[in-house]
2 protein chains.
Amino acid sequence: MNSEPSWDLYRTFLAVLREQSLSGAARSLGLTQPTVSRHIDALESLVGYDLFIRSQRGLSPTEAAEDLRPYAETLAATTAALVRAASSHGKEVRGPVRLSVSEVVGVEIVPAILADLRARHPDLVIELVLSDAVDDLIRRDADIAVRMVEPTQEALLARRVGTIELGLHAHRSYIERRGVPASLADFRGHDLIGFDRETPAIRAMLKQMRFITRDHFALRADSNLAQFAAIKAGFGIGVCQVQLARREPDLVRVLPEEVSLGLPTYVVMHEDLKSSPRCRVVFDALAAGLAAHIRAV
Amino acid sequence: MNSEPSWDLYRTFLAVLREQSLSGAARSLGLTQPTVSRHIDALESLVGYDLFIRSQRGLSPTEAAEDLRPYAETLAATTAALVRAASSHGKEVRGPVRLSVSEVVGVEIVPAILADLRARHPDLVIELVLSDAVDDLIRRDADIAVRMVEPTQEALLARRVGTIELGLHAHRSYIERRGVPASLADFRGHDLIGFDRETPAIRAMLKQMRFITRDHFALRADSNLAQFAAIKAGFGIGVCQVQLARREPDLVRVLPEEVSLGLPTYVVMHEDLKSSPRCRVVFDALAAGLAAHIRAV
DNA sequence: CAGAGTTCATGCATTTTAGTATAGCGACCG
DNA sequence: CGGTCGCTATACTAAAATGCATGAACTCTG
């Protein structure tokens with residue numbers, strides 16, 4: 001137990017965890033393999049036990065190393081956030097802003113908003129992360145996020161932009177081929193598009209459709225984007241955002257009375273960043289753009 | 001914009017922020033002043049602007065440096081957590097566990113629980129932090145926390161241990177001198193002990209005592225511990241935990257019907273740590289100890 | 001089964017980084 | 001007002017970390 005080790009050891013440690021080899025880690029860090037090797041040696045002699053099992057085709061992490069991984073990941077995310085914050089100090093709107101949104105929102109909604117924003121601020125750089133993880137902001141994986149649950153952390157600044165509505169939809173070609181189900185019970189004879197693994201959000205949805213379980217699905221996909229694409233391709237009936245479906249002339253809503261779920265939608269940002277002009281601008285643009293999207297008929 | 005800088009620069013940066021001088025930072029880090037100076041120089045040339053204003057009596061951080069501070073603090077907390085996690089790997093219950101509890105809980109309740117625990121596990125080391133900050137766990141400032149609000153982060157493992165009840169109390173000597181107030185309106189003629197700055201928790205309490213405002217207090221202290229001590233010293237009437245007051249033979253409860261507030265109490269831990277025996281043991285001991293304390297007559 | 005392409009480990013030279021010593025400047029105190 | 005003490009900045013030296021070159025072991029492929 002010497003004095004605290006160099007923080008660089010943790011960076012190397014994480015790289016080795018990710019690359020599963022000293023050589024790979026060295027490449028990704030811009031170092032050489034012996035250096036990486038020495039870093040890991042130092043870390044291991046520091047903690048007093050082995051972190052990796054060496055072999056000729058790489059290093060495989062021990063259980064202990066995996067336990068330490070989340071800390072190292074947090075460190076990496078935080079240094080990245082620090083660099084982002086540092087690289088864009090000042091009153092101008094410039095530098096990187098890291099954005100975390102869901103797949104569907106990131107592909108179908110925000111690009112237009114960002115394009116418009118970028119036109120107004122040519123020095124703005126957007127890093128777009130497609131993720132639903134709620135703690136992205138706390139862990140500094142992102143500066144700004146769009147989330148469908150109300151944020152409860154005090155350190156977060158949230159603005160509600162309306163309610164995204166989910167509903168059942170199908171392509172016109174499918175409806176012409178198979179007809180419209182008259183009721184939920186009528187689903188038995190239809191091709192349903194649904195989830196693969198169950199998540200809390202999905203459980204809420206299922207409460208409305210008690211007859212439906214995972215077994216009824218003819219296509220199972222966890223990606224909402226893939227589900228949406230399947231609906232548009234006429235594969236069958238599935239859930240998607242009502243506001244998005246309206247933009248597609250050939251999508252029709254199915255059983256709007258029986259199945260509807262509103263997702264309160266928020267733009268969320270760390271409170272620390274509210275004094276940052278570039279984050280402020282992106283935050284406001286997102287809030288305005290999403291609100292307009294949600295209100296659109 | 002070179003390749004990523006050494007993470008050690010961030011550590012030095014934080015030390016300089018804290019010590020407000022290169023020499024002080026060097027002392028706290030076990031480095032020398034020129035080294036620290038070079039680190040700061042490197043960081044400044046990297047971000048492209050000044051982080052500190054040099055003077056003969058130290059360095060004062062610029063606004064930009066203060067903006068970066070929270071990131072550096074997170075880094076420090078995370079490395080510390082990593083070291084803690086690393087230093088206690090294995091099946092035995094040993095090594096440090098960092099505990100974050102409120103002042104009152106930390107002084108009046110937990111010590112007994114910890115003493116008992118330590119007797120059973122002599123290799124356990126407890127780091128006790130007296131804090132109410134809700135994000136201590138996410139930021140890895142602590143491994144385990146006792147909180148009076150329900151945690152909402154998914155990554156947290158929480159166990160409810162009961163409800164801590166708050167009520168008005170006074171020392172017998174005070175009551176003998178001044179009598180018991182007959183109603184809330186009767187408080188005017190009494191010496192009240194209360195808060196200095198208003199917090200969300202206090203606002204909830206105040207709803208029950210609409211007649212009372214900050215101006216009525218004869219003693220204002222933000223420290224609940226100081227308030228409790230003042231009550232015990234016979235200074236006047238104040239709010240404290242009912243379960244704690246019961247242990248003091250000379251404390252009597254005032255207006256139990258009119259003023260009562262239940263705080264749902266949780267022991268909270270990061271989900272990552274549930275596989276760590278030492279954390280598990282502390283978590284369970286806290287849960288059991290607090291539950292027993294709350295149930296005690 | 002041999003050769004190409006990986007991997008990690010090790011010895012040595014070099015570069016980088018840290019430490020030592022010192023000078024200069026300002027504040028504080030008697 | 002002079003002496004002391006603290007701070008930072010700079011030149012020089014020592015140490016430490018890195019890179020290079022190489023060797024040995026293993027995998028994959030033709």
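Order of the sequence lines sets the chain letters (A, B, ...), proteins ahead of strands, with each chain counted from 1.
Regarding B:I40, its CD1 atom lies at a distance of 15 Å from the P atom of D:dC7, rounded to whole Å. One can place CG of A:L31 at 14 Å from P of D:dA17, the figure rounded to the nearest angstrom. Distance, B:F52 CZ to D:dA9 C1': 17 Å, rounded to whole Å. Residue B:I53 contributes atom CD1, which lies 13 Å from atom P of D:dA9 at whole-angstrom precision. Here the C1' atom of nucleotide D:dC7 and the CZ atom of B:R54 are 13 Å apart, to the nearest Å. In this structure, B:D41 places its CG atom 9 Å from C1' of D:dA9, rounding to the nearest Å. One can place NE2 of B:H39 at 15 Å from P of D:dT8, the figure rounded to the nearest angstrom.
A:R280 meets the side chain to side chain donor-acceptor pair (under 3.5 Å) test with no other residue; sequence neighbours excluded.
What you find for B:R139 and B:A77 is that their closest heavy atoms are O-CB, 3.4 Å. Scanning both residues, B:R18 and B:A76, for their nearest heavy atoms gives NH2-CB, 4.4 Å. The shortest non-hydrogen separation linking B:L137 to B:A142 is CD2-O, 3.3 Å.
Side-chain contact between B:L59 and B:L17: absent, with no pair of heavy atoms (C-beta onward) separated by less than 4.5 Å. Looking only at side-chain heavy atoms (C-beta outward), B:L82 and B:T78 stay at 4.5 Å or farther from each other.
For the OP1/OP2 pair of D:dT18 and a distance below 4.0 Å, the side-chain nitrogens and oxygens of A:R38 include no atom meeting the criterion. When the side-chain nitrogen and oxygen atoms of A:T32 are compared with OP1 and OP2 of D:dT18, none of them lie within a distance under 4.0 Å.
Annotation: proximity of residues 8-24 of chain A to DNA chain C (heavy atom, distance under 4.0 Å) is found for A:S21, A:L22, A:S23, numbered in ascending order.
A donor-acceptor pair shorter than 3.5 Å can be found between the side chains of A:S100 and A:R147. Side-chain contact check for B:S60 and B:Q20: no donor-acceptor pair (N or O, by modelled atom type) lies under 3.5 Å.
Reading DNA chain C from its 5' end, the first and the last nucleotide to sit under 4.0 Å from a heavy atom of chain A are C:dT7 to C:dT10.
Using a 4.0 Å cut-off between charged nitrogen and carboxylate oxygen, A:R11 and B:D8 do not count as a salt-bridge pair.
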